[in-house]
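Just so it is clear: chains get the letters A, B, ... in the order the sequence lines come, proteins before strands, and each one is counted from 1.
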Amino acid sequence: MISERLAGLVERAIDRATKDGKLGPLKECPFAVVVERPRLPEHGDLAVGTALKLAGQAKMSPIKIAEILAEYIEKDEEAGKENIERLAVAPPGFINFHLATGWMEAALSNIHNKGAAFGSLNIGDGKRVLVEYVSANPTGDLHIGHGRGAVYGSCLSNLFSFVGFSVEQEFYVNDAGVQIVQLGYCAFALYQRLQGRDVPYPEDGYPEESLKHFMEPIVKEYGDKYLNLDKDEGAKTLGEITKMTIMESQRKLLSRLGVNFNTWFSETSLHTSDAVSSVLQEFEKREKSYESEGALWLKSKELGDERDRVLRKSTGVTTYLAADAAYHLDKYKRGYDQLVTIWGADHHGQVPGLKASVKALDLDADKLEIILTQIVNLNREGQMVRMSKRAGTVVTLEEVMEEVGVDATRYYLAESNPQNPINFDLELAKRTSRENPAFYIQYAHARCAAILRRATEEQVNQESEVTEKPVLSAEQLEQYKTDYRAKPESFRAAFDPGHEVFQYQKELVQKLDSFPDEVKEAALARLPGRMARYAYDVANALQKFYEVSRVITDDLSVTKARLGLILATKQVLANALKIIGVSAPERM
RNA sequence: GCGCUCGUAGCUCAGUGGAUAGAGCCCCCGCCUUCUAAGCGGGUUGUCGUUGGUUCGAAUCCAACCGAGCGCGCCA
């Protein structure tokens with residue numbers, strides 16, 4: 001990565017200049033140097049604005065600092081290796097690098113050497129991260145909002161793995177408490193009704209329609225086996241069966257969406273294992289809880305919350321917060337270096353309570369990162385489709401996946417930043433044209449594959465019906481691949497700065513080369529969606545190149561060089577798509 | 001009322017301290033005897049919600065206000 005090496009050069013220049021006392025009171029470089037890509041071509045290929053940032057602390061004008069740094073860079077013995085054609089200092093204090101084409105050859109060769117690992121980093125250093133997400137109640141179908149959490153969590157996990165963390169993914173099953181009791185009564189009533197018994201359906205229960213498709217197979221399997229149980233026994237038995245059925249359906253659906261968990265953590269297990277009662281004892285021992293009006297309260301106000309919160313109601317039943325505190329204590333005990341919890345934004349009111357409970361247990365609250373995902377608005381034929389789980393107009397995640405396909409579902413749920421609401425246009429997602437970015441990116445990948453096929457497969461000329469021999473044999477292509485890795489000069493024939501194709505190639509190579517940077521920024525910002533935008537930019541750069549330049553030509557050395565560029569592009573697209581979990585098709 | 005998130009082109013959204021704020025859609029005009037035209041090129045589009053402040057420099061940081069969504073229970 002050329003930008004990384006240039007950053008190193010600039011940092012070394014700052015270190016040397018400060019040691020020589022050339023930068024006023026500055027003793028060392030106070031921050032990491034960021035290399036950026038200037039918008040205007042006359043500002044060079046890459047640039048640093050470091051001098052502007054140093055101006056305050058050095059108590060010197062930015063332009064003066066830039067001039068000093070430029071001198072040090074030019075004196076640096078390593079600078080000669082970096083294909084710097086020339087350096088320019090520009091007001092108000094930028095240092096612009098104009099590069100020789102050699103860097104492009106090195107960049108492409110590097111991509112071929114790294115292959116599927118190109119872009120991967122080791123900023124995680126093997127640290128263990130637990131990502132908890134979806135965590136829906138097993139009381140019905142997943143809706144598109146769950147889908148967003150699912151896709152975001154899975155993309156973030158992919159991204160964390162790619163940058164060197166050891167990631168585990170967990171689904172917290174909210175299978176305890178009143179909603180499960182309620183499910184039981186609904187399930188038992190429906191079980192009886194489906195077999196012709198005229199029993200009333202619970203009035204404020206889950207919508208009958210939303211449970212029907214789960215109950216029908218259950219009725220088929222068990223028949224009238226439980227028909228004569230009394231109301232409470234029946235609710236308990238059918239509740240358990242239905243819960244298991246729904247969980248299994250959720251698991252299968254998520255798996256189809258490419259979302260797979262290492263563990264499904266049951267809330268009930270926290271109660272049966274006494275984890276909840278022991279966390280209450282922990283609070284008591286640390287004098288972080290008190291009794292009032294018959295209830296047990298967490299002193300969350302003194303830990304940054306706006307009020308104290310109830311852990312155990314005066315009825316003796318523990319609250320959701322108590323279970324969540326026990327759950328998070330369990331996570332800490334499992335020894336992760338970092339905990340990421342992804343919740344729907346409608347749960348943001350719980351964040352201070354959970355944070356307070358973690359602090360109350362003297363755990364490191366900084367390890368726990370809670371990320372909130374905003375709402376998904378579904379759009380069909382220009383009409384907003386509002387989702388309401390209870391109102392019967394439910395648009396389930398499954399329905400969306402079936403209508404637009406898994407790839408488009410993932411793309412649109414992955415693309416946006418979690419803190420912004422998504423307007424998911426079902427019609428756009430189905431469209432097979434440039435308007436649909438998911439399609440456009442996949443098309444670019446398939447186009448690369450098509451070119452490679454064309455090079456090594458014989459073609460039948462449409463008009464003359466004559467079979468034409470392939471330009472290359474499969475063996476030759478394999479030899480080329482070896483050359484791409486070992487001999488960067490293999491690409492030289494493609495890069496003639498005088499040629500009109502050059503600027504398009506350069507833009508494409510710059511895009512490809514910046515992938516590791518993009519990965520790093522996406523990981524640090526927890527925005528895997530950037531990979532989607534990045535892939536789109538790569539696809540766009542490829543299309544522009546493709547439009548002005550043939551890959552397979554009469555000149556074998558040019559063909560070889562450009563095929564190498566196409567292969568590199570295909571690889572980078574595949575790597576980026578893999579992070580967002582969208583397939584990279586060979587044909588479309 | 002309080003808290004969280006958001007406010008950028010007609011629409012959907014990038015950009016979170018640096019050079020002249022970017023994409024796609026929409027609209028208009030060009031481009032197919034050649035590897036996928038499911039494409040490419042060109043053109044039009046902005047009080048970066050408002051007002052102040054910090055800074056050499058603010059869409060970006062701070063404050064107040066306006067607007068939208070969500071949340072404020074001994075619910076889960």
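- The aromatic rings of A:Tyr536 and A:Tyr440 sit tilted, their planes meeting at an angle between 30° and 60°.
- Using a cutoff of 4.0 Å between basic side-chain nitrogens and carboxylate oxygens, A:Glu518 and A:Arg530 are not scored as salt-bridged.
- A:Tyr536 comes within 4.0 angstrom of the backbone, heavy atoms only, and of no base.
- Residue contacts shown for A:Val178 are limited to sugar-phosphate atoms, with no base heavy atom under 4.0 Å away.
- Dashed line: the shortest gap from a side-chain N or O of A:Asn420 to OP1 or OP2 of B:rC13 is not under 4.0 Å.
- Pair assignment for B:rG30 gives B:rC40, based on Watson-Crick or G-U wobble hydrogen-bonding distances that are each under 3.5 Å.
- Residue-level contact check: A:Ala450 touches the bases, meaning some heavy atom is under 4.0 Å from a base atom.
- Among the nucleotides B:rA76, B:rA19, B:rC35, the one closest to any side-chain atom of A:Lys313 is B:rA76.
- Residue A:Ala455 is out of contact with every strand shown, counting any heavy-atom pair closer than 4.0 Å.
- At whole-Å resolution of the value, CZ in A:Phe424 and P in B:rC13 are 13 Å apart.
- Between B:rG10 and B:rC26, the two C1' atoms lie 8 Å apart (nearest whole Å).
- In this structure, the nucleotide among B:rG39, B:rA76, B:rG41 sitting nearest to the side chain of A:His347 is B:rA76.
- Under the Watson-Crick or G-U wobble criterion, with both distances below 3.5 Å, B:rA19 has no partner in any strand shown.
- Comparing B:rC74, B:rG71, B:rG18 by their nearest atom to the side chain of A:Lys53 picks out B:rG18.
- Nucleic acid contact class of A:Arg533 (heavy atoms, under 4.0 Å, all strands): sugar-phosphate only.
- Counting only heavy atoms from C-beta on, A:Asp346 has its side chain closest to B:rC70 among B:rG3, B:rC70, B:rC35.
- Within the nucleic acid shown, A:Asn96 comes within 4.0 Å of at least one base atom, counting heavy atoms only.
- Ring-plane geometry between A:Phe439 and A:Tyr443 is classed as parallel, the angle between the planes falling under 30 degrees on a 0 to 90 degree scale with a further cut at 60.
- Taking the six-membered ring wherever Trp is involved, the centroid distance between the rings of A:Phe265 and A:Phe171 does not fall below 6.0 Å.
- Between B:rA21 and B:rU16, the two C1' atoms lie 13 Å apart (nearest whole Å).
- For an aromatic pair to be called close, the ring centres must be under 6.0 Å apart, and A:Tyr546 with A:Tyr504 fails this.
- Taking side-chain N and O atoms only, A:Arg530 has a distance below 4.0 Å to OP1 or OP2 of B:rG15.
- Residue A:Pro62 is classed as having no contact, given no heavy-atom separation below 4.0 Å to the nucleic acid.
- With distances taken from any side-chain atom of A:His43 to the nucleotides B:rC13, B:rA19, B:rU5, the minimum falls on B:rA19.
- In a base pair of the Watson-Crick type (N1 to N3 plus N6-O4 or O6-N4) or a G-U wobble (N1-O2 and O6-N3), with each distance short of 3.5 Å, B:rU55 is matched with no nucleotide.
- With respect to A:Glu457 and A:Arg454, no salt bridge is recorded, no charged nitrogen being found less than 4.0 Å from a carboxylate O.
- Contact annotation: A:Asn417 reaches the phosphate of B:rG15 (side-chain N/O to OP1 or OP2, under 4.0 Å).
- When the side-chain nitrogen and oxygen atoms of A:Tyr440 are compared with OP1 and OP2 of B:rC40, one or more of them lie within a distance under 4.0 Å.
- Distance from the side chain of A:Ser416 is smallest for B:rA14 among the nucleotides B:rA14, B:rU12, B:rG15.
- Separating the CZ atom of A:Arg307 from the P atom of B:rG1 is a distance of 20 Å, rounded to the nearest angstrom.
- Here A:Ser61 lies out of heavy-atom contact (under 4.0 Å) with every strand.
- Taking atom P on both nucleotides, B:rC62 is separated from B:rC25 by 35 Å, rounded to a whole Å.
- Ion pairing between a basic and an acidic side chain is recognised when a charged N comes within 4.0 Å of a carboxylate O; A:Lys299 and A:Asp308 show no such pairing.
- Between A:Asn436 and A:Ala90, the residue anchored nearer the 5' end of RNA chain B, judged by the nucleotide with its closest heavy atom, is A:Ala90.
- Among the atoms of the strands shown, base atoms are found under 4.0 Å from some heavy atom of A:Ala47.
- When rounded to the nearest whole Å, the span between OH of A:Tyr534 and P of B:rG22 equals 21 Å.
- In this structure B:rA76 sits in no base pair that meets the Watson-Crick or G-U test at under 3.5 Å.
- For B:rU60, there is no paired nucleotide, since no Watson-Crick or G-U wobble pair has both relevant distances below 3.5 Å.
- Nucleic acid contact class of A:Asn540 (heavy atoms, under 4.0 Å, all strands): sugar-phosphate only.
- Among the protein residues, A:Glu36 comes within range of no part of the nucleic acid, since none of its heavy atoms lies under 4.0 Å from any strand.
- The pair A:Glu586-A:Lys570 meets the salt-bridge criterion, with a side-chain N (NZ, NE, NH1 or NH2) lying under 4.0 Å from an Asp/Glu carboxylate O.
- By the 4.0 Å N-to-carboxylate-O rule, A:Lys355 lies too far from A:Asp305 to be salt-bridged with it.
- Under the Watson-Crick or G-U wobble criterion, with both distances below 3.5 Å, B:rG67 is paired with B:rC6.
- In this structure, A:Thr456 reaches neither bases nor backbone, as no heavy-atom distance under 4.0 Å exists between it and the strands shown.
- Atom CG in A:Leu52 sits roughly 9 Å away from atom P in B:rA19 (whole-Å rounding).
- When the nucleotides B:rC74, B:rC70, B:rC40 are ranked by their closest atom to the side chain of A:Ser314, B:rC74 comes out on top.
- Taking the nucleotide of RNA chain B with the nearest heavy atom to each of A:Arg587 and A:Pro437, the more 5' of the two is matched to A:Pro437.
- Remark: the A:Glu415 side chain and the B:rA14 base include no donor-acceptor N/O pair separated by less than 3.5 Å.
- Between the P atoms of B:rU8 and B:rC13, the separation comes to 9 Å (whole Å).
- Closest to the side chain of A:Asn137, out of B:rC40, B:rA76, B:rU36, is B:rA76.
- Of the candidates B:rC40, B:rC74, B:rU36, B:rU36 carries the atom nearest the A:Tyr443 side chain, counting heavy atoms from C-beta on.
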